Undergrad: 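Just dropping this structure here.
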Amino acid sequence: MSRLFFAIASILGALSVAGGAFGAHALKGKLTETALGSFETGVRYQMYHAIALLVVALLIKQNPEVSSLNTAGWCFIAGIVLFSGSLYGLSLADIKALGPVTPLGGVAFIAGW
C-alpha cells in the first residue's frame, strides 16, 4: 500500500502544482473573484493532503502493521476527490449540484487526520 499511496501522492501533488499555475495564469480574468478563490482553495487543499498522503505512505513503509494508516490514506484521497474536485466543478463549470459534495470531502479530510 505504501508504494500505491506514494504514487498517488506524487500524481496529486504534481496536478496541484499544474492546477495552481493554470489558475494563476489561464483563469485570472476569466473567472469571477469568488470562483477563482474557490479554485485556489481546491488546489491548496489538494496539495496539503497530497503531502499528508506522502507522509502516510512513508509511515506505512515503517509500520506496515498499523491498519489505521491505510484508512487515513484512503480518507485523504477521498477528500481530495470530493472536496477539491467539487470546488473545481463549481468554479470552472458552475455545477451547482456539487455544492453539497464539498463538505463530504471535508469530513473525509477530518477522518483522515
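Owing to the predicted nature of the structure, the values given are computational and were not obtained by experimental measurement.
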Undergrad: Do the side chains of L27 and L92 get nearer than 4.5 Å, heavy atoms only?
TA: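 A side-chain contact under 4.5 Å exists here.
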Undergrad: Given the rule that I, L, V, M, F, W and Y join up when any side-chain heavy atoms are under 4.5 Å apart, are L12 and V55 in one cluster?
TA: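 In one cluster with L12: V55, yes.
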Undergrad: State plainly whether one hydrophobic cluster holds both L98 and I77, where clusters connect Ile, Leu, Val, Met, Phe, Trp and Tyr through side-chain heavy atoms under 4.5 angstrom apart.
TA: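 They do share one cluster, since a chain of ILVMFWY contacts under 4.5 Å joins L98 to I77.
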Undergrad: So, taking the atom named CG in L53 and the one named CH2 in W74, what distance separates them when rounded to the nearest 0.5 Å?
TA: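 These two atoms lie 9.0 Å from each other.
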Undergrad: I'd like to know if I8 and L15 are part of one continuous hydrophobic network [Ile/Leu/Val/Met/Phe/Trp/Tyr, side-chain heavy atoms within less than 4.5 Å].
TA: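 Each belongs to a different hydrophobic cluster.
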Undergrad: If you round to the nearest 0.5 Å, how far is NZ of K28 from NE2 of H25?
TA: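 Those atoms lie 8.5 Å apart.
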Undergrad: Tell me whether Y45 at atom OH has more than 12 heavy atoms from other residues, nucleotides or ligands lying less than 6.0 Å away.
TA: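 No, because the 6.0 Å sphere around OH of Y45 holds 12 heavy atoms or fewer from other groups.
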Undergrad: For the residue pair F5 and L58, establish whether any side-chain heavy-atom pair is separated by less than 4.5 Å.
TA: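 A side-chain contact is absent here, since even the closest heavy-atom pair is not under 4.5 Å.
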Undergrad: In the single-linkage hydrophobic clustering (I, L, V, M, F, W, Y; side-chain heavy atoms under 4.5 Å), do I51 and I110 co-cluster?
TA: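 No; I110 is not reachable from I51 via cluster members.
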Undergrad: Specify the closest pair of heavy atoms between A9 and A50, including all atoms of both residues, with the distance to one decimal.
TA: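 Looking at all heavy atoms of both residues, the closest pair is CB-O, 3.4 Å.
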Undergrad: So among I11, I60, L54, V56, which one has a side-chain contact (heavy atoms from CB on, under 4.5 Å) with F6?
TA: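 Going through I11, I60, L54, V56 one by one, the side-chain contact (heavy atoms from CB on, under 4.5 Å) with F6 is satisfied by L54 alone.
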Undergrad: So which heavy atom on S91 is nearest to which on A35, and how close?
TA: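 Taking every non-hydrogen atom into account, CB-O, 3.1 Å.
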Undergrad: With distance as the sole criterion, is a donor-acceptor pair present between the side chains of S86 and T102 under 3.5 Å?
TA: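 T102 and S86 do have a side-chain donor-acceptor pair below 3.5 Å.
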Undergrad: Please determine which of Y88, Y48, F109 meets the ring pair (Phe, Tyr, Trp, His ring centres under 6.0 Å) test together with F83.
TA: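 Only match with F83 under ring pair (Phe, Tyr, Trp, His ring centres under 6.0 Å): F109.
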Undergrad: Could you state whether I80 and I95 fall into the same hydrophobic cluster, counting links through intermediate Ile, Leu, Val, Met, Phe, Trp or Tyr residues with side-chain heavy atoms under 4.5 angstrom apart?
TA: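 Linked within one cluster.
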Undergrad: Could you tell me whether the side chain of V43 reaches within less than 4.5 Å of the side chain of L87, counting heavy atoms only?
TA: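 No, side chains not in contact.
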Undergrad: So, for G112 and A72, which heavy atoms are closest and what is the spacing to 0.1 Å?
TA: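 Scanning both residues, the minimum pair turns out to be O-CB, 3.4 Å.
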Undergrad: Could you pull out the closest heavy-atom pair between A97 and P100, with the gap in Å?
TA: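 Heavy-atom minimum between the residues: O-CD, 3.2 Å.
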Undergrad: Would you mind reporting whether K30 and L36 have side-chain heavy atoms less than 4.5 Å apart?
TA: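 No, every pair of side-chain atoms sits at 4.5 Å or beyond.
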Undergrad: Taking atom OG1 of T34 and atom CG of L90, what is their separation to the nearest 0.5 Å?
TA: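 Those atoms lie 12.0 Å apart.
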Undergrad: Is any side-chain heavy atom of L59 closer than 4.5 Å to a side-chain heavy atom of K61?
TA: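 SC-SC contact between L59 and K61 ruled out.
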Undergrad: From C75 SG over to H49 NE2, what is the distance, rounded to the nearest 0.5 angstrom?
TA: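 If I round to the nearest 0.5 Å, the distance is 10.5 Å.
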Undergrad: For a quick test of reading the model, state the closest non-hydrogen atom pair linking Q46 to S16 and the distance between them.
TA: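 In this case the closest contact between Q46 and S16 is NE2-N, 3.5 Å.
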